[in-house]
Amino acid sequence: MKQNKFNKFLKSIPAKLWLVLGIVIAFYFFLNDFGLVDIQKTAIILAAGIDRKGDEGYTLTAQIAVPKGVDRTTGGTSSVNFIAEGETIADCVSDIYCKTGWVPKFVFCNLIVLGEETAAENVFDAFDFFLRNEYMSDGCYVAVCEGTAQDLLTSESAVANTSSQAISKLFSDTNIKSGKAVKMSLREFAIGYHGATKSGYMPYIRQHVQEGSGGENGGGQSGGGGQQKEQKTYCAERTALFYEGKQVALLNPEETFAFNLIEGKIFNGYLLAEENGHSVSLTVLDDKGGVSLSTKGAPKVTVKVELTVRLFNRTVPVEIEDVAHAELSEELLGNAKKNVEETVKQVFEISRQSGCDLFKLNESLFRSSKSKYEEWKDTLLSAVPATYEISIKSAK
């Protein structure tokens, strides 16, 4: 009955009114930009670098995407780097708008880099802008760099069109599974800072001059006086540890690898061991690692690493039978276990001494027993005894 009344109502509407309504809808449809970005008016920021200026504020290095061309030979993305200064990060962003006329957009920003001096103080006064920006993805990568972020982002990559693109490749799943690096998002770092651990970590980026670049015969963009800019490669084999927003320690490449072993993240990474005085490489086929906290009585920690490996490379000539069967001797497995155990202990001790709760012990205690957390939260990391269970076996 109601449906019949509704149909009669529709039929009673004049055809001219339908026509006018259709024109109005079409007008608003074609007037809307559907959220598309006008690249003529917008600075599409790919990466942001933050350096402190003492007590005077910040220097923000914004890497802005610039289309290279439309044909097959010149297509792709290049970048320009704009350097702004201000008392706050928002003030720096406003400086970009004021001096270029481009509206800075962070929706495509995939990397925030902190200079080493910036990381020496609580970094969340700088991160505050990005956490409050509703158009900024909190899944973007965060990292610390050696020297200044300005120097890093304005360098010319030897392997990609932009430095930020080359750095982001360091955080690929393949590289993380090799154990050579770690990755951290803005969201995860903020959760650790505001959580029970008050701790976190970031990859530590270093740059190296690509051999053969720069000078009169080197590659790169031309600079003043006929000189050419040196091309750089980047590595993230070190890991910066943070407590209460400040960098408190730095893991070397071996310790970074051991940390990834503990986290159980490695697949197809390589271990170095020794047999008969010669170095041998072992491939990690399976990595079962973790840190558990027992709260029965006084808290106790167990650090566990269980690896399955196979022989990958020897540094001496061998018989063809060895290549075919690749059997691992007890000496080789024992040396590999010794190396892993020593480095794992180093990582845990660095965590203790620096105050960085790298393995989230306080978070585990808070979830299991709030009363024990209140009792142990100030001394847990430094006082809790640790047991190490390291095992390495050969793949069959």
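Side chain of N260 to main chain of G179: a donor-acceptor pair is present (N/O by atom type, distance under 3.5 Å, no hydrogens or angles). Judged by distance alone, with hydrogens and angles left aside, the side-chain atoms of T118 form a donor-acceptor pair with the main-chain N or O of R52 at under 3.5 Å. With hydrogens and angles disregarded, no donor-acceptor distance shorter than 3.5 Å links the side chain of S94 to the backbone of A90. Looking only at distances, no side-chain donor or acceptor of T197 sits under 3.5 Å from a matching main-chain atom of K360. Within the 3.5 Å criterion, the main-chain N or O of N362 finds a donor-acceptor partner in the side chain of D357. Checking side-chain atoms of N252 against main-chain N and O of R238 turns up no donor-acceptor pair under 3.5 Å. The backbone N or O of R206 lies less than 3.5 Å from no partner atom in the side chain of E146, so there is not a single donor-acceptor pair. Formation of a donor-acceptor pair under 3.5 Å by the T148 side chain with backbone atoms of G115 is not found in this model. Looking only at distances, no side-chain donor or acceptor of N268 sits under 3.5 Å from a matching main-chain atom of L285. S163 places a side-chain N or O within donor-acceptor distance of the main-chain N or O of L153, the cut-off being under 3.5 Å.
You'll find the side chain of I112 reaches within 4.5 Å of the side chain of M136, heavy atoms only.
The hydrophobic cluster around F312 extends to Y270, counting ILVMFWY residues whose side-chain heavy atoms fall within less than 4.5 Å of a member. Summarising the hydrophobic clusters (Ile, Leu, Val, Met, Phe, Trp, Tyr; side-chain heavy atoms under 4.5 Å, direct or chained), the residues clustered with V159 are none.
Once rounded to the nearest 0.5 Å, the distance linking CZ of R310 with OG of S281 reads 13.0 Å. With values rounded to the nearest 0.5 angstrom, C92 atom SG is found 7.5 Å from I96 atom CD1.
Looking at residues two or more places apart in sequence or on another chain, you find a salt bridge (Lys or Arg N to Asp or Glu O under 4.0 Å) between K99 and D95. The ring pair (Phe, Tyr, Trp, His ring centres under 6.0 Å) test applied to F130 returns F106, not counting sequence neighbours. By the side-chain hydrogen bond (donor to acceptor under 3.5 Å, both in side chains) test, R314 is found to be paired with E275, D322, residues two or more places apart in sequence or in another chain being considered. Scanning for side-chain contact (heavy atoms from CB on, under 4.5 Å) contacts around S351 gives L358, L381, with sequence neighbours left out. Remark: S178 pairs with N175, K180 by the side-chain contact (heavy atoms from CB on, under 4.5 Å) rule, at least two apart or across chains. Looking at residues two or more places apart in sequence or on another chain, you find a side-chain hydrogen bond (donor to acceptor under 3.5 Å, both in side chains) between N81 and Q63. For Q353, the side-chain contact (heavy atoms from CB on, under 4.5 Å) test picks out E349, with sequence neighbours left out.
Using cut-offs of 30° and 60° for the angle between ring planes, the F259 and Y201 rings count as perpendicular. Using a 30° and 60° split on the angle between ring planes, F348 and Y388 fall in the perpendicular class, above 60°.
Between E341 and K337 there is no salt bridge, since none of the side-chain N atoms of the basic residue sits less than 4.0 Å from a carboxylate O of the acidic one. Ion pairing of K177 with D173 is absent here, as no side-chain N (NZ or NE/NH1/NH2) approaches a carboxylate O to less than 4.0 Å. For the pair E156 and K232, the salt-bridge criterion is not met [side-chain N within less than 4.0 Å of a carboxylate O].
Within the structure, ring-ring contact (aromatic ring centres under 6.0 Å, His included) contacts touching residues 136-178 (residues at least two apart or in different chains) are Y141-F171. Legend: ring-ring contact (aromatic ring centres under 6.0 Å, His included) pairs involving residues 360-387, not counting sequence neighbours, sorted by first then second residue: F366-Y373. Sorted by first then second residue, the side-chain hydrogen bond (donor to acceptor under 3.5 Å, both in side chains) pairs that include residues 283-305, not counting sequence neighbours, number zero.
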Start with the C-alpha distance between R352 and V384, add both sets of side-chain angles, then the distance that settles side chain to side chain contact (heavy atoms under 4.5 Å, CB included), and finish with yes or no. CA-CA 9 Å; R352 282 187 191 275; V384 64; 4.2 Å; yes
Show the numbers, then the answer: is there a side chain to side chain contact (heavy atoms under 4.5 Å, CB included) between L46 and L111? CA-CA 7 Å; L46 302 174; L111 177 67; over 6 Å; no
Any chance you could lay out the side chain to side chain contact (heavy atoms under 4.5 Å, CB included) test for L114 and F127, step after step, and finish with the verdict? CA-CA 10 Å; L114 305 174; F127 280 159; 3.8 Å; yes
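Proximity of the aromatic rings of F189 and F242 is defined here by a centroid distance below 6.0 angstrom, and this criterion is met.
Side chains of Y234 and S155: a donor-acceptor N/O pair is present below 3.5 angstrom, by distance only.
Cluster annotation: V316 and I320 are assigned to the same hydrophobic cluster (Ile/Leu/Val/Met/Phe/Trp/Tyr, side-chain heavy-atom contacts under 4.5 Å, transitive).
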